[in-house]
Amino acid sequence: MLKTSLLCSAIAATLAFSPAALANKANDTLIYASDSDLENISPYHNNMREGVILSHHVWDGLVLRDLATGKYQPLLATAWKWVDPTTLEFALRKDVKFHNGGAFTADDVVFTVNYVLSADAKVVTKQNVEWMAGAEKVDDFTVRIKLKEPFPAAMEYLAAAVPIYPKAYFEKVGLEGFAKAPVGTGPYKVVAATSGQGVKMVKNPAYMKDSPKGQPKIGKLEFKVIPDGESRVAELMTGGIDWIWRVPSDQADSLKAVPDVAVLSSETMRVAFIIFELHSDVPATKPFQDERVRKAVSMAIDRKAMVDNLVRGGSRVMDAACFIDQTMCVQDTVAKYSYDPAKAKALLKEAGYPNGFETEIYAYRERDYAEAMIGYLQAVGIKAKLNFLKYPAMRNEMYAGKSPMTMNTWGSYSVNDASAFTGNYFKGSPDDRSKDPDVIAWLKEADSTVDDAKRAEFYGKALKRISEKAYVLPLFSYSANYAFTKDLNFTAQPDELPRFYAASWK
Amino acid sequence: MLNFALRRVAVAFCVAFTVAVFSFFLLHLSGDLATAIAGAESSAAQIEQIRVQFGLDQPIATQFVEWLWKAMYLDFGRSFYFQDQVTTLIAGRLGVTMTLGGLSLGFALLIAIPLGVLAAIKRDTWVDRVALTISVFGQAMPSFWFALTLILIFAVNLRWLPVSGSGTWQHFVMPVIALGTYAMPAIMRLTRNGMLDVLSSDYIRTARAKGLRTGTVLFKHALRNAVIPVVGLAAVQLGFMLGGSIVIETIFSLHGLGHLAWEAISRNDYPVVQAVVLLLSVVYIFVTLVADLLNAALDPRMRSN
């Protein structure tokens with residue numbers, strides 16, 4: 001009898017101390033989780049999607065693109081005009097304060113632009129900023145951004161990937177201090193950033209009143225790093241966290257049956273593709289210097305079946321090396337490779353590999369997609385070993401020419417223009433493993449003209465060559481499965497950028 | 001005893017030194033560090049500058065001595081990946097790992113020793129069978145599966161415990177059970193066999209013949225001898241749990257040393273990997289040393305050889 005009552009009181013004690021389920025609406029705290037930590041919270045110093053999300057919550061750019069109309073709206077700038085084809089002039093807001101209380105002026109814009117262009121800054125994705133030549137101050141609230149050459153997607157980049165930093169604070173604390181205690185003008189301000197664990201934010205009460213982002217509604221926002229997918233789902237089901245994404249389709253199906261959880265699926269701008277190594281001395285990469293082998297791989301993989309059975313939820317097969325709905329992602333002239341294992345085998349035989357060969361494939365996310373492709377390659381005789389690494393490590397192997405096939409993905413930084421894709425992978429950067437001089441020249445031509453017809457012509461030429469030579473194999477667009485508590489009003493956008501500042505509790 | 005202790009300490013130092021040599025040179029075999037630090041888009045001049053700045057242009061022996069010298073003052077340099085000193089990173093994660101390892105070992109001993117003694121006393125009865133079954137399960141179950149099952153039962157269905165994190169004591173309950181269960185079977189079997197050996201020995205028969213109470217015979221005379229090999233095993237298990245809790249730390253989002261090591265390895269963060277390898281080895285060597293000394297204190301025969 002005594003024992004039983006002891007046991008009961010022990011259980012009662014446990015229950016009393018256990019966290020109340022779904023308490024986050026009550027606490028006005030939205031906790032969202034993802035698997036990867038950031039190498040650096042400063043948006044210019046990481047190229048992770050988790051970083052892009054933080055960037056849009058903690059910082060603001062000069063303008064913001066309206067998703068519905070595609071028009072640019074004033075954010076930190078109130079008005080802008082092209083002075084000449086390589087000079088953009090912005091009039092700035094006068095009432096904006098940074099999170100630390102410092103006033104926002106033209107100096108901050110000039111500093112940010114010139115800092116990110118300097119070699120010391122070591123910006124991770126140079127494509128986002130290298131179209132600018134510099135910035136100069138006209139007066140305290142007017143600034144001019146000089147371009148290296150005419151660049152039609154300038155406004156798109158300013159809206160998506162050029163957040164403005166506080167000059168005085170950054171100069172005081174340096175990049176290292178900034179990474180630990182970042183300061184911006186955005187709807188949320190960071191109160192704690194702990195390496196390996198996440199970022200805590202609170203609503204910025206002084207956020208600019210008529211921002212097109214709107215006023216943040218949820219009081220506290222927290223980004224949590226939970227490396228294990230099953231644990232993320234379990235946390236969501238028990239109310240430990242409120243929002244997860246990149247839920248595999250099969251898990252999304254079972255989550256739909258959970259009463260407190262809502263599931264949302266939609267296509268995103270993220271495109272998966274295989275990069276072939278064309279110029280390395282590493283023996284394993286040799287076969288891929290032969291165009292026929294690259295084409296054989298392209299025909300060996302049933303991308304349609306992968307879309308229908310694995311990716312699902314609105315994903316589509318991609319043929320051009322960009323996201324199909326991006327401006328200038330010219331589709332009609334590109335070579336399309338349909339699933340044809342017999343032809344793939346014949347091509348391999350022709351290339352001198354009648355019995356196939358052994359090679360490696362590198363990947364960093366969706367192990368199941370990579371494994372499916374390995375299965376398809378096996379069927380035509382290519383025995384590929386999977387090297388599954390973290391993104392920065394995988395990228396280093398690829399840069400060193402050690403990866404024969406790299407399964408990469410690219411979300412274009414949510415920039416709705418094909419240049420955000422081709423510029424990073426075919427314009428001679430380390431990510432460009434084909435380094436075709438014609439393609440590089442055409443893309444330079446296309447990126448530096450404001451004439452839409454001419455842009456279409458040159459992007460068309462470049463994308464056609466890329467597909468005909470099979471420099472990369474575009475696979476499919478991603479679908480994003482989001483799962484979150486039913487207490488939350490949340491809408492997803494194809495640019496894979498969750499906007500928690502627009503979310504609210506029901 | 002002093003002589004024995006000194007010899008053991010000397011051996012421990014030699015092992016620690018060997019490990020330091022290995023952890024330093026193995027990583028230097030994995031490629032040009034200067035290129036790795038500089039990043040992909042750096043020029044030859046920048047790489048050269050970094051080579052000088054980090055002392056990578058020095059002969060490798062000089063680099064090693066310098067690294068070891070600094071390591072003795074717990075200065076392991078900066079992480080390539082995280083914007084922080086390696087020592088700060090490790091200090092921040094050590095607490096979680098030590099708590100997890102210590103509690104798990106405590107849990108394992110608490111279950112394993114009584115169960116082992118019981119199984120020995122009630123040899124070949126149903127009690128022994130139950131103990132055997134438990135140990136087989138503990139040994140055979142993959143820890144990640146067991147951990148997920150615990151989450152499903154206690155967090156998702158019963159809602160008694162939080163799924164992941166390390167904020168409160170409740171956060172440690174499931175990880176400790178999952179990790180401890182893995183260490184428990186070996187300790188239990190060793191206790192049981194030790195007890196069986198000892199219980200059939202002459203001095204126990206003598207003790208019983210003297211008319212001592214069963215409890216005194218079991219716990220004062222038998223267990224003390226039977227538990228000697230268990231001390232050594234427990235030390236090894238603790239070392240294993242400190243370094244080998246990566247899976248458990250990942251599932252429960254405990255940002256400890258194992259998880260840090262895993263992150264560092266997958267991101268080629270050499271200074272962190274080196275420091276973690278060295279630190280875990282030193283801890284391992286230290287617990288083994290303590291176990292040796294403890295054994296010698298428990299059993300005077302150990303001191304002579």
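All chains are named by letter (A, B, ...) in the order of the sequence lines, taking the proteins before the strands, and each is independently numbered beginning at 1. All figures in this text were calculated on a predicted structure; none of them were measured in a lab.
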So, the part of B/Leu148 with a heavy atom under 4.5 Å from chain A: the answer is side chain

About how many Å separate OG1 of A/Thr238 and CG of B/Asn157, when rounded to the nearest 0.5 Å? 11.0 Å

Heavy-atom neighbours of A/Lys148 NZ exceed 12 at 6.0 Å: yes

Atom NZ of A/Lys486: over 12 foreign heavy atoms under 6.0 Å: yes

Interatomic spacing from CZ in A/Arg232 to OG in B/Ser253 - rounded to 0.5 Å: 8.5 Å

Toward chain B, the part of A/Leu389 with a non-hydrogen atom under 4.5 Å: neither

Nearest heavy-atom contact between B/Val163 and A/Ser231 is CG1-O, 3.8 Å

Does atom NZ (A/Lys200) have a neighbourhood of more than 12 heavy atoms from anything else shown, all under 6.0 Å? no

Any side-chain heavy atom of A/Glu230 within less than 4.5 Å of one from B/Ile251? no

Would you indicate whether A/Phe484, at its atom CZ, is surrounded by more than 12 heavy atoms from other residues, nucleotides or ligands within a distance under 6.0 Å? yes

Is B/Leu89 in contact with chain A via its backbone, its side chain, both, or neither, using a 4.5 Å heavy-atom distance? side chain

Closest non-hydrogen atom pair between B/Arg159 and A/Met237, with its separation: NH2-O, 2.8 Å

Part of A/Leu38 within contact of chain B (heavy atom distance under 4.5 Å): backbone

Interatomic spacing from CG in A/Asp228 to NE2 in B/His259 - rounded to 0.5 Å: 9.5 Å

Rounded to the nearest 0.5 Å, what separates atom NZ in A/Lys224 from atom OG in B/Ser164? 5.5 Å

Give the minimum heavy-atom separation between B/His255 and A/Val225, together with the two atoms involved. NE2-O, 3.5 Å

